[in-house]
Amino acid sequence: DAKTTQPPSMDCAEGRAANLPCNHSTISGNEYVYWYRQIHSQGPQYIIHGLKNNETNEMASLIITEDRKSSTLILPHATLRDTAVYYCIVRSNSGNTPLVFGKGTRLSVIA
Amino acid sequence: DTAVSQTPKYLVTQMGNDKSIKCEQNLGHDTMYWYKQDSKKFLKIMFSYNNKELIINETVPNRFSPKSPDKAHLNLHINSLELGDSAVYFCASSGTFGGAETQYFGPGTRLLVL
């Protein structure tokens with residue numbers, strides 16, 4: 001079972017920041033927080049991951065609370081192409097561990 | 001260049017047939033996976049292979065048999081196809097990125113069993 005809780009859906013206006021929350025209150029000390037997204041009919045796409053520090057890359061920013069029990073994925077300027085299901089996954093960094101997907105958040109970016 | 005590729009993209013077949021789906025990755029990764037996404041859109045792990053050896057088999061029926069001829073390929077053979085096998089099957093491979101293992105997915109194979 002997925003160890004994360006996400007809202008089932010969210011809307012965001014095009015050009016605005018999309019903030020997607022995730023609760024992972026049972027996360028262990030050696031588990032990372034990963035975010036993937038699945039655009040309609042495509043394979044899941046890696047976005048970002050973090051352990052305890054905030055992270056930023058060309059796609060998004062990841063804010064992890066100090067107690068690591070929740071995190072927020074931020075898409076700074078959402079576009080229509082960002083419409084997708086976003087999955088927050090916690091996972092050990094030990095090798096060969098598959099991803100356990102929950103239901104994710106369906107983000108709709110509206111023009 | 002496609003990092004993880006799957007063939008075919010679409011597969012329509014009759015119940016009882018045997019079919020195969022092929023997966024290839026050119027990322028040099030040692031670990032590959034098969035995931036199944038059902039009609040309710042739940043993505044679930046089926047198999048995991050590391051360097052051609054089976055690591056994980058998540059209670060998948062024996063009709064499903066993965067085969068890894070080399071570490072760049074992980075094919076999925078399905079015997080005696082059933083209606084419930086209709087789903088999208090995703091292949092993935094994983095490697096270390098930024099200090100953590102990251103998975104890269106193929107485009108999926110849409111299987112419809114009639």
Side-chain angles (χ1 to χ4, degrees), chain A residues 1-4 6 8-9 27-62 64 68 71 84-107, chain B residues 2-6 9-10 21 23 25 27 29-38 40-60 66 68 71 74 87-110:
Chain A
D1 288 348
K3 297 175 64 174
T4 61
Q6 299 176 250
S9 63
I27 191 170
S28 301
N30 67 343
E31 288 181 320
Y32 284 71
V33 179
Y34 284 80
W35 282 84
Y36 282 76
R37 72 180 182 183
Q38 187 173 25
I39 296 170
H40 180 62
S41 298
Q42 298 181 21
Q45 176 190 23
Y46 165 80
I47 301 173
I48 199 167
H49 72 272
L51 184 60
K52 52 185 175 182
N53 297 325
N54 297 337
E55 302 288 343
T56 295
N57 63 20
E58 65 279 2
M59 290 182 70
S61 295
L62 174 60
I64 303 174
R68 302 207 325 124
S71 60
V85 179
Y86 287 77
Y87 297 98
C88 169
I89 300 168
V90 296
R91 180 173 171 272
S92 166
N93 197 29
S94 61
N96 312 319
T97 308
L99 298 171
V100 179
F101 289 85
K103 297 180 182 179
T105 295
R106 180 171 297 279
L107 175 69
Chain B
T2 303
V4 182
S5 59
Q6 295 179 228
K9 187 172 181 180
Y10 298 95
I21 306 172
C23 177
Q25 54 97 2
L27 298 167
H29 292 161
D30 288 336
T31 307
M32 296 183 72
Y33 308 82
W34 277 107
Y35 289 83
K36 178 181 179 180
Q37 188 167 37
D38 61 23
K40 294 184 178 179
K41 303 298 184 184
F42 291 121
L43 261 165
K44 196 170 180 184
I45 182 69
M46 299 175 68
F47 299 101
S48 165
Y49 265 71
N50 180 260
N51 215 358
K52 303 193 297 175
E53 289 191 15
L54 179 65
I55 303 298
I56 291 172
N57 178 343
E58 286 290 323
T59 62
V60 177
S68 182
K71 72 176 193 178
L74 181 61
V88 184
Y89 293 83
F90 290 100
C91 176
S93 70
S94 66
T96 302
F97 176 71
E101 191 181 337
T102 303
Q103 294 192 15
Y104 300 85
F105 285 79
T109 294
R110 286 137 191 86

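Predicted model, so just to flag it, every value in this text is computed and none were measured.
- When each of A/P44, A/S41, A/G43 is scored by its heavy-atom pairs under 4.5 Å with chain B, the top score falls to A/P44.
- Interface residue B/Q37: only side-chain heavy atoms are found under 4.5 Å from chain A.
- In this structure, the portion of A/Q38 lying under 4.5 Å from any heavy atom of chain B is its side chain and not its backbone.
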Could you check A/Y34 against B/Q103 for side-chain contact (heavy atoms from CB on, under 4.5 Å), going step by step and ending with a plain yes or no?
CA-CA 10 Å; A/Y34 284 80; B/Q103 294 192 15; over 6 Å; no
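- More than 12 heavy-atom neighbours from other residues, nucleotides or ligands sit within 6.0 angstrom of CZ on A/R68.
- Using modelled atom types, one side-chain atom of B/Y35 and one backbone atom of A/L99 make a donor-acceptor pair closer than 3.5 Å.
- With values rounded to the nearest 0.5 angstrom, A/H40 atom NE2 is found 6.5 Å from B/K41 atom NZ.
- When all heavy atoms of A/K103 and B/F42 are compared, the pair lying nearest together is CG-CE2, 3.4 Å.
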Decide yes or no on side-chain contact (heavy atoms from CB on, under 4.5 Å) for B/F105 and A/Q45, but give the supporting numbers first.
CA-CA 7 Å; B/F105 285 79; A/Q45 176 190 23; over 6 Å; no
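- The environment of B/K71 atom NZ is dense: over 12 non-hydrogen atoms of other residues, nucleotides or ligands sit within 6.0 angstrom.
- Taking the salt bridge (Lys or Arg N to Asp or Glu O under 4.0 Å) definition, one finds that B/K36 meets it with nothing, sequence neighbours left out.
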